[in-house]
Amino acid sequence: MTSYIYIFIAALVSYLIRVLPLTLIRKPIKNRFIKSFLYYVPYVTLSVMTFPAIVEATQSPVAGVIALVAGIVLSFLGAGLFPVACACCAVVFIAEFFLVG
C-alpha cells in the first residue's frame with residue numbers, strides 16, 4: 001500500500017514540475033539572468049548525470065578519471081564525438097590493464 005502512495009507522490013511532483021511553469025509564466029522572460037540560467041539547465045543536468053557514470057562504470061575509478069581527462073583534452077583540441085569516444089575506451093582499457101591487472 002505504501003508503494004502506491006510513493007508512486008502517486010512521485011507522479012504528482014513530476015506532473016507539477018511540468019505544468020506549473022506553463023500555467024504561471026505566460027509572458028516572455030526578459031530577465032537576462034533567468035534566461036541565462038534556463039539556457040544552461042540542460043547542460044548541467046546532463047553533466048550531473050554523466051559524470052558519476054563515467055567514473056563508476058570502470059573497474060577502477062582512476063581509469064574513469066583518466067579517460068575523462070583524455071576526453072576533455074581531445075574535445076578541447078577539436079576532435080569529434082566518435083574519435084573522443086574511441087580514445088576514451090582505449091584509455092580505459094590501457095589504464096585498467098596496468099592498474100587492475
Side-chain angles (χ1 to χ4, degrees):
M1 179 64 180
T2 58
S3 61
Y4 290 116
I5 294 171
Y6 292 145
I7 292 171
F8 175 74
I9 291 172
L12 182 68
V13 168
S14 179
Y15 179 75
L16 288 176
I17 288 172
R18 288 166 174 79
V19 170
L20 282 178
L22 292 174
T23 58
L24 297 178
I25 304 172
R26 303 233 177 208
K27 298 178 183 176
I29 298 171
K30 295 182 181 177
N31 187 329
R32 284 180 49 193
F33 177 76
I34 294 176
K35 285 176 81 172
S36 174
F37 175 78
L38 292 175
Y39 177 80
Y40 288 110
V41 165
Y43 299 108
V44 170
T45 305
L46 183 63
S47 300
V48 167
M49 292 187 309
T50 305
F51 179 74
I54 291 171
V55 175
E56 295 175 3
T58 59
Q59 289 181 359
S60 170
V62 174
V65 171
I66 293 170
L68 176 66
V69 170
I72 290 171
V73 168
L74 286 172
S75 62
F76 183 74
L77 294 175
L81 180 62
F82 187 70
V84 169
C86 290
C88 289
C89 289
V91 167
V92 166
F93 180 76
I94 292 167
E96 286 188 352
F97 182 75
F98 288 112
L99 291 175
V100 177

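Reckoned from all heavy atoms, side chains included, excluding hydrogens, waters and symmetry mates.
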ask   = Taking the side chain from S47 and the backbone from Y43, do they hold a donor-acceptor pair closer than 3.5 Å?
value = yes
Practice task
On the 0 to 90° scale, with breaks at 30° and 60°, tag the F33-F37 ring pair as parallel, tilted or perpendicular.
Solution key: parallel
More than 12 heavy atoms of other groups within 6.0 Å of L81 CG:
no
For the side chain of Q59 and the backbone of E96, is there at least one donor-acceptor N/O pair under 3.5 Å apart? no
All heavy atoms of A95 vs all of A63, minimum pair found to be CB-CB, 3.8 Å
Going by chain and number, the hydrophobic cluster around V48 (ILVMFWY, side chain to side chain under 4.5 Å) further includes V44
message: Taking M49 as the starting point, is it possible to reach Y40 by hopping between hydrophobic residues whose side chains are less than 4.5 Å apart?
response: no
Answer yes if I17 and I9 sit in the same cluster of Ile, Leu, Val, Met, Phe, Trp and Tyr residues linked by side chain heavy atoms under 4.5 Å apart, and no otherwise. yes
Correct closest heavy-atom pair for V55 and T58 would be O-OG1, 3.5 Å
Fill in: Check: S75 side chain, I72 main-chain N or O, donor-acceptor pair, under 3.5 Å
yes
Would you say I94 and F97 are hydrophobically clustered, going by side-chain heavy atoms of ILVMFWY under 4.5 Å?
-> yes
Review point. So, S36 side chain and R32 main chain: donor-acceptor pair closer than 3.5 Å or not?
Key: no
dist I54:CD1 -> L68:CG (nearest 0.5 Å) comes out at 5.0 Å
*asked:* Do V62 and V91 sit in one hydrophobic cluster, given that two such residues count as connected whenever their side-chain heavy atoms are within less than 4.5 Å of each other, even indirectly?
replied: yes
Under 4.5 Å between side-chain heavy atoms, counting indirect links through other Ile/Leu/Val/Met/Phe/Trp/Tyr residues: same cluster for I7 and V13 or not? no
